[in-house]
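Remember, it's a predicted structure, so these values are computed and weren't measured experimentally. Letters A, B, ... are given to chains in the order of the sequence lines, protein chains preceding strands, and every chain is numbered from 1.
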Amino acid sequence: MRKFRVRRAGVVRYCTLYVAAALVLFVSLFPFLWMVSTSFKPPSETFTRVPRLIPVHPTLENYRIVLGETMIPRYFLNSVYVALLTTAISLVVAALGAYGFSRFRFPGRSPALLMILSVQMFPSVVIIIPLFIVMRNLHLLNTHYSLLVSYTTFTLPLCVWMLKGFFDGIPRELEEAALIDGCSKFGAFLRIALPLSAQGIVASAIFAFIGAWNEFMFAMTFINIEELKTMPVGLTSFFGRFTVEWNPLMAASVLFTIPSLVFFVFVQRNLARGLVSGAVKG
Amino acid sequence: MAGWFRLCRLSLIAGILVLLVGVAAGVAAGATTLEVWIMETGNPEGAKAFFNTVNTEFEAAHPGVKVNLSWIPWLGAQQKFLTSVTGGIAPDVAELGTTWTPDYAYMGALEDLTERVKGLGYASEFVPALVESATLDSKLYGLPWYAGNRCMIYRKDWFEAAGIKEFPRTWTEFIEVAKKLTKDVDGDGKVDRFGFSVNGGSQHEFMPLIWMNGGEIAVKTDKGWRSNVDSPEAIEAIRFFTDLYLKHKVSPEGSITWSVLNSRKAFTTETLAVVIDLPLLVEKFQKDNPNLAGKIGVAPIPYSKRPASFTGGSNLVMFSQSKKKDLAWDYMKLLLEPKHQLAWAQLVKFFPARMSVLKDPSIAKDPVLSVYADNLKYGRTYPAIHQWGQVENTKILLKAVQEIMMGKKTVEQAMQELANSMNLLFGYQE
Amino acid sequence: MRSPLAEKADSMHWSVGRGSPRPTLRQLCHDITRNWLAYAFVLPSMAGVFAIILVPLVQTVAVSFKRYYILDILREAPPFVGFANYLTILGDPQFRFSLWLTVIFTFACVALTMLVGLFVAILLDQDFPGRGIVAVAVLVPWVIPRIASSILWKWIYDDQFGILNHMLSSIGLRSFASFPWLARAGPAFWAVVVVVVWQSFPFIAVTLLAGLRTIPREVYEAAEIDGAGFWQKVVLISIPMLRNLLAILIVISTIWDFKVFDQMYVLTEGGPAGSTMILGIYTWMMAFGRLQMGLASALAMIMFVLVMAVTVLYLRLFMREETM
């Protein structure tokens, strides 16, 4: 972790680091801060001639509306459910696939790899109608399965490719050794390859989670029932035909953003460590 | 190999299971459900309360029937409707924007309501533009539900301060007034208050000018619809609009791509004297900037030859895939009852489609709403043909005006090219 | 550049040589049974991907050869028109304009995203107090609901009240006081590039950081003993060792950025006057603007072939031979 360790307590070095960190912080957070600020503003302060980051009369009214008067809490839970399950399924399936592609040479391997990637190459506006009909024929419309299935499908290509990259980076000698010690090939995958690519799995998990968490078009097309809608679709209830309710929209967006950050921290802390310690124990 | 077989078997079993569950659910439900799709309003709570009342009333009058209401976001709604209709799963009743109605009527997705509407007894009362929007080959495919039109919302106090007694009635007068209101208030050498915003991103603001100048956007010929935007009247109308930006400079530099969202922001922050907008904005401006209270006036848009305004809104439609047409019609009729018309109109801040309901004191006596309501009779709508959606969606209208405003093309060139592109979409050939 | 050991491992345990150049059915069965473990690993992801997407993809191909005006399909089966849709698209000047614009757009987005992503990944790989906060903050652009963040950026770019113009003019650049970012072709284009880069760099940074963490520390220490400086280590060790990962990320970013739609639609709608109409917007206009699914599908197929060609070329050039 600490590869570029600072040997001499170089002041210059730290300064550079902090200037860079400050720059990155500013760029990443600025629009978000604007969002948070708007979520605490009354409508009368939303648009002012001179943009003001700190509200003059901060209010919790927008949060009260979002939490108390709308279905947003329900949408929120639906999103958590769909995103977590998508992540879990994608990870298991992608890890297996990536390992297969990384460690075995078999006929049809390269075309299969390219085909998996090709799923990403079609603009979704073109496949939405045929996909809708597939979902209809499978009787999956208006169920969360439609989302789980389609999200997993669209998350897999990247997860497979990314994890394959990580598996490729692990020296095969390690697994060879395990095989000689009497481990099965599947055992070698579980005990050696998986823990060593923990970082890649964390990255894939975050990717899958956020992909499912943020998806709008499929969710809007496949689901009509209020009780089943997810957050991104729920946000549009603040869009009228010609108007937008900015303040509650931003409050809902803040509530939408925080959990993914919490998820990230959790995954970073626990998943990576869990995988690594599992390897040691196993 | 074995894996494949297992997978096939598994998916077969899963498929049968899903089917069984589906059948069971259908049987268990027993009751007839009426699928209704209504568009989001931006006021989710109020809209839900309104429909709870309506649905309770409907279900009480129709025992054994359950109304299943879905809220459809405006964002991407076209996609959702098309996908569902193509996939064979359309609702029984739905709200459709006026400019979308011809698309689905042409598609054959909508039930012909001509006879049913005739039997209503108040068919002659509807806002004419809404009827026009839902009529295809002299058949009516939509039941007019609510209407909205645009007027000019302006700063009374600034008008008074500039010594302008009356709101301009003609374009020439308007140019003078807009010039007077455009100025540099803080004296830093840059204009910071504009008379008007020439929004290159909002067609509802510039297309009606063609009607006002005595022109037509498109005309029906024996060879089909032909674009008329290259007519002298249309060219003159668009020149008036773009000259406000190019020649008279009464509009912010960035307004080439502005939509109403931008001009609203400018009006709220007191940098713009006049906007063209819907009635609901009058209240919203004062809510968003309390300083504006009592300083806002409303007036019809000035015209050159005849008054006109774009009147949009929504129709209620019945999909021909529906198997419960009589029930669906009962539901539509219920929504058209005066009390519900009025309550819904107040909630979404548009106007009831029935002109008789417009006489309600809450509208006729209101200083703002009455101005708009008076103007509904001059309301026009775009050609009710299925290609119109394409004209709007491909943004060729905006492109023409933006090219003029950017100085890339003259008005004549841009309008000639626009006419050609429109004719291409109409499938019109000389 | 394969290690002799890996080569040996390949031949011993892991792979089966291809049979005769023209495999017979028997040969194929033989291959499958001999490789059953490999197929067992790969099957779930292949099945997962293709069970759902295969039918839509095949249909897209089929529709691209039909005159498929959505409003006509309830009345009559869409007629077969051969390559007419392809010819229409290829002959449309708007397509050629959009294609070049999209190539530049994609290149700019991918290059900038990779640079920023790599920069942030390297920063986060350092050890300094407060690193954790930066690591979380960096994710914010990615997790903010996309609907909200594109609107937020539109506010930021607003010519009259945008914070960007406000900041620029308050540091003395008076000419930016009401600069219309989105009303001019060039600035509008780059404004969207910035938003796309902003939204996609966190993913690249997180992934590259994960990659950096898998590089054994000993490698760096050895380099330090040889007197390598900070940037030398980055260029000579980190980047070469992340080569595969970088290649994957560049490929996938190219695929994504080639079909960008949301951000451009919210910020410019392809304007002013069609000057930012990239292929993503053009496809949407064909599909749900003009409802010509035949044309839209043909366009999608053309885009598919282009992206596929670039991908294959890229993988051939940059990936180590044995991984592809």
Exercise for review: Working to the nearest 0.5 Å, report the span between OG1 of A/Thr221 and CZ of B/Phe81.
Suggested key: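 Those atoms lie 12.5 Å apart.
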Review point. Roughly how far, to the nearest 0.5 Å, is CG of B/Leu281 from OG1 of A/Thr243?
Key: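 Going from the OG1 atom of A/Thr243 to the CG atom of B/Leu281 covers 8.0 Å.
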Atom [atom1] of [X] with >12 non-hydrogen neighbours under 6.0 angstrom:
| X | atom1 | result |
| --- | --- | --- |
| B/Glu283 | CD | no |
| A/Arg64 | CZ | yes |
| B/Lys183 | NZ | no |
| A/Tyr145 | OH | no |

Practice item. Please determine if A/Arg49 forms a cation-pi arrangement with B/Phe267, meaning its NZ or CZ atom is less than 6.0 Å from the six-membered ring centre and no more than 45° off the ring axis. Key: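 So A/Arg49 doesn't make the cation-pi contact.
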Measuring heavy-atom distances to chain A, does [X] have an atom under 4.5 Å in its side chain, in its backbone, in both, or in neither?
| X | result |
| --- | --- |
| B/Ile89 | side chain |
| B/Ser84 | both |
| B/Glu35 | neither |
| B/Thr83 | both |

Exercise for review: Please determine, among B/Gly87, B/Pro44, B/Ser314, the option with the most heavy-atom pairs under 4.5 Å with chain A.
Suggested key: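 Maximum pair count with chain A is reached by B/Gly87.
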Exercise for review: Using a cut-off of under 4.5 Å on heavy-atom pairs, state which of A/Thr236, A/Asn224, A/Ile128 scores highest against chain B.
Suggested key: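 Most heavy-atom pairs within the cutoff with chain B belong to A/Asn224.
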Check your understanding: Top residue by heavy-atom pair count (under 4.5 Å) with chain B, among A/Pro42, A/Pro248, A/Pro130, A/Pro43?
Key ->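 Among the listed options, the one with the most contacts to chain B is A/Pro43.
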Please give me the minimum heavy-atom distance between [X] and [Y], naming the atom from each residue.
| X | Y | result |
| --- | --- | --- |
| B/Gly88 | A/Arg136 | N-NH1, 4.1 Å |
| B/Pro290 | A/Ser44 | CD-CB, 3.5 Å |
| B/Leu261 | A/Phe242 | CD2-O, 4.4 Å |

Review point. Side chain of B/Lys80, backbone of A/Met220: donor and acceptor closer than 3.5 Å?
Key: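 Confirmed, B/Lys80 side chain pairs with A/Met220 backbone.
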Review point. Should A/Thr46 and B/Asp288 count as side-chain neighbours, where that means a heavy-atom distance under 4.5 Å?
Key: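 Result no, sub-4.5 Å side-chain heavy-atom pair not found.
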Exercise for review: Flag the pair B/Pro73 / A/Val233 as yes when at least one side-chain heavy-atom distance between them is below 4.5 Å, and no otherwise.
Suggested key: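 A side-chain contact exists here, since the closest heavy-atom pair is under 4.5 Å.
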Check your understanding: Under 4.0 Å between a Lys/Arg side-chain N and an Asp/Glu carboxylate O for B/Glu40 and A/Arg241?
Key ->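 So B/Glu40 does not pair with A/Arg241 through a salt bridge.
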Between [X] and chain B, which part of the residue has a heavy atom less than 4.5 Å away: side chain, backbone, both or neither?
| X | answer |
| --- | --- |
| A/Thr48 | backbone |
| A/Ile223 | backbone |
| A/Ile129 | both |
| A/Phe216 | side chain |
| A/Ile65 | neither |
| A/Glu245 | side chain |
| A/Met217 | side chain |

**Study point:** Partners meeting salt bridge (Lys or Arg N to Asp or Glu O under 4.0 Å) with B/Arg264 (sequence neighbours left out)
**Key:**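 Here the qualifying residues are B/Asp277.
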